Amino acid sequence: MPELPEVETIARGLHATLPGRRILSVRLGKMDFIDDPAAIEREIPGTKILAVRRCGKFLLIDLESANGDVRNFSLLVHLGMTGRLVTCEARAPVLPHTHVFFALDDGRELRYTDVRRFGRMRIVTGGVRENTLDALGLDPLEASEGEFVALLKNRRARIKALLLDQSVLRGIGNIYADESLWRARIHPKRLGANLSLKELRRLYQAVRDVLNDAIEKRGSSIADYVDSDGNLGGFQRLHRVYQREGKKCFRCGAVIRRAIFAGRSSHFCPHCQPPPRVSKR
DNA sequence: CTTACGGCCTGGGTGC
DNA sequence: TGCACCCAGGCCGTAA
């Protein structure tokens with residue numbers, strides 16, 4: 001499941017080889033996950049790739065239009081659950097569910113593969129001022145401790161929901177929310193406003209440590225995730241709670257539990273992460 | 001405005 | 001072997 005560390009790994013991988021390359025042509029398969037397929041087919045061929053970067057869980061491929069026009073623009077890609085963005089030789093075998101092919105001027109292709117097609121793809125213009133991205137909260141790796149604390153300390157929602165809320169913090173998904181809460185020893189059902197300053201600081205550090213460790217291990221390969229070269233990540237081996245229901249807590253030995261909060265599964269240690277006193281439901 | 005929650009997207013895995 | 005159904009995670013719409 002591509003979250004911040006996985007998208008960061010892919011962005012770095014693509015940024016290492018794509019800038020300067022020109023996109024010669026575009027071929028589309030299924031396109032129901034693309035906002036405006038005609039615009040992609042019309043405006044992408046002939047463009048030069050300037051940079052690849054991450055914003056939350058979004059990938060942005062910055063492009064220079066074919067004629068060197070002033071109007072630069074970007075291809076915005078969200079990988080959803082099963083999306084893959086991989087470069088390979090143009091003659092390389094095509095994986096099933098590959099729906100977008102960008103032919104590059106060095107004989108390679110940039111391909112988008114997505115079994116479930118929960119991903120999204122669209123062209124964005126006008127630099128940073130773009131509504132999809134404007135709605136995003138702070139990047140947890142860029143926010144200061146003070147900003148992080150201020151974001152959460154007055155919120156009456158469950159801390160798990162707040163961590164997942166992209167308009168609060170951008171880039172955290174279910175894996176890293178659960179792993180961060182375990183490291184900070186905070187139960188997912190606690191309310192933001194009920195956390196002590198000490199706990200919020202602990203959570204800030206936990207989130208950063210988890211994300212940085214995961215980036216270092218090139219992300220978590222749970223089901224479909226691979227990096228931009230098609231290689232698996234390594235952080236799934238270091239998960240402490242995610243998908244460890246019934247196994248022993250690495251810290252205290254208690255049995256890790258899984259529970260559904262607001263339709264989302266949460267993995268936690270009932271001993272290290274004590275539940276709120278009065279918990280409704 | 002804030003929060004909670006159901007539903008939707010799709011198809012692989014599971015269990016009968 | 002076939003088949004129905006559960007479920008994944010993000011996001012959006014709705015309601016309280």
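The shown structure was predicted, so the numbers you read here are calculated from the model rather than taken from an experiment. A, B, ... follow the sequence lines: proteins, then strands. Residue 1 opens every chain.
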**OP:** Send over the distance from A:L169 CG to C:dC11 P, rounded to a whole Å.
**Re:** 14 Å

Original post:
Step by step, would you call A:I186 with A:F268 a side chain to side chain contact (heavy atoms under 4.5 Å, CB included)?
Top reply: CA-CA 9 Å; A:I186 294 170; A:F268 60 96; over 6 Å; no

Original post:
Which hydrophobic side chains are connected to A:V86, either touching it within the sub-4.5 Å cutoff or through other members that do?
Top reply: A:V226, A:L232

Original post:
side-chain hydrogen bond (donor to acceptor under 3.5 Å, both in side chains): which pairs involve residues 159-173 of chain A, sequence neighbours left out?
Top reply: A:K160-A:N174, A:K160-A:D178, A:K160-A:S266, A:D165-A:S167

Mind listing the N/O atom pairs, protein and nucleotides 10-12 of chain B, below 3.5 Å?
residue, atom, partner, partner atom, Å
B:dT10, OP1, A:D32, OD2, 3.2
B:dT10, O4', A:R116, O, 3.3
B:dG11, OP1, A:R117, NH1, 3.0
B:dG12, OP1, A:H97, NE2, 3.1
B:dG12, O4', A:R116, NH2, 3.0

Subject >> Spacing of A:R155 atom CZ relative to B:dA4 atom P, expressed in whole Å >> reply: 10 Å

**OP:** Just jot down the ring pair (Phe, Tyr, Trp, His ring centres under 6.0 Å) partners of A:H97, sequence neighbours excluded, or say none.
**Re:** none

**OP:** Using whole Å, report how far CZ of A:F33 lies from P of C:dC12.
**Re:** 18 Å

Original post:
Once you round it to whole Å, what is the distance between C1' of B:dC5 and NZ of A:K160?
Top reply: 15 Å

Subject >> Length of the line joining A:R122:CZ and C:dC11:P, which is rounded to integer Å >> reply: 13 Å

Subject >> Between C1' of C:dC6 and CD1 of A:I260, the distance in whole Å >> reply: 12 Å

**OP:** Just report the end-to-end axis angle for the helix from B:dT2-C:dA16 to B:dC16-C:dG2, five pairs per end, to 10 degrees.
**Re:** 50°

**OP:** Could you identify which residues cluster with A:V94, counting Ile, Leu, Val, Met, Phe, Trp and Tyr as linked when any side-chain heavy atoms lie under 4.5 Å apart, either directly or through a chain of such contacts?
**Re:** A:F101

Subject >> Nearest-nucleotide pick for A:H78, side chain only, options being C:dC11, C:dA8, B:dT3 >> reply: C:dC11

Subject >> CA sep, side-chain torsions, deciding dist, call: A:D114, A:T82, side-chain hydrogen bond (donor to acceptor under 3.5 Å, both in side chains) >> reply: CA-CA 5 Å; A:D114 191 347; A:T82 55; 2.5 Å; yes

Original post:
Across the strands shown, which category fits A:G80 at heavy-atom distances under 4.0 angstrom: base, sugar-phosphate, nothing?
Top reply: nothing

**OP:** Take A:H99 and A:T113, measure what side-chain hydrogen bond (donor to acceptor under 3.5 Å, both in side chains) needs, and give me the verdict at the end.
**Re:** CA-CA 6 Å; A:H99 300 300; A:T113 304; over 6 Å; no

Subject >> Check against side-chain hydrogen bond (donor to acceptor under 3.5 Å, both in side chains), A:E6 and A:Y176 >> reply: CA-CA 11 Å; A:E6 290 77 31; A:Y176 298 104; 2.5 Å; yes

Original post:
What is the distance, rounded to the nearest whole Å, between atom CG of A:L164 and atom P of B:dC5?
Top reply: 14 Å

**OP:** Answer yes or no: is there an ion pair linking A:K30 with A:D32, defined by an N-O contact shorter than 4.0 Å?
**Re:** no

Subject >> Length of the line joining A:R120:CZ and C:dC11:C1', which is rounded to integer Å >> reply: 9 Å

Original post:
Is A:R258 near enough to C:dC7 that one of its side-chain N or O atoms lies under 4.0 angstrom from OP1 or OP2?
Top reply: no

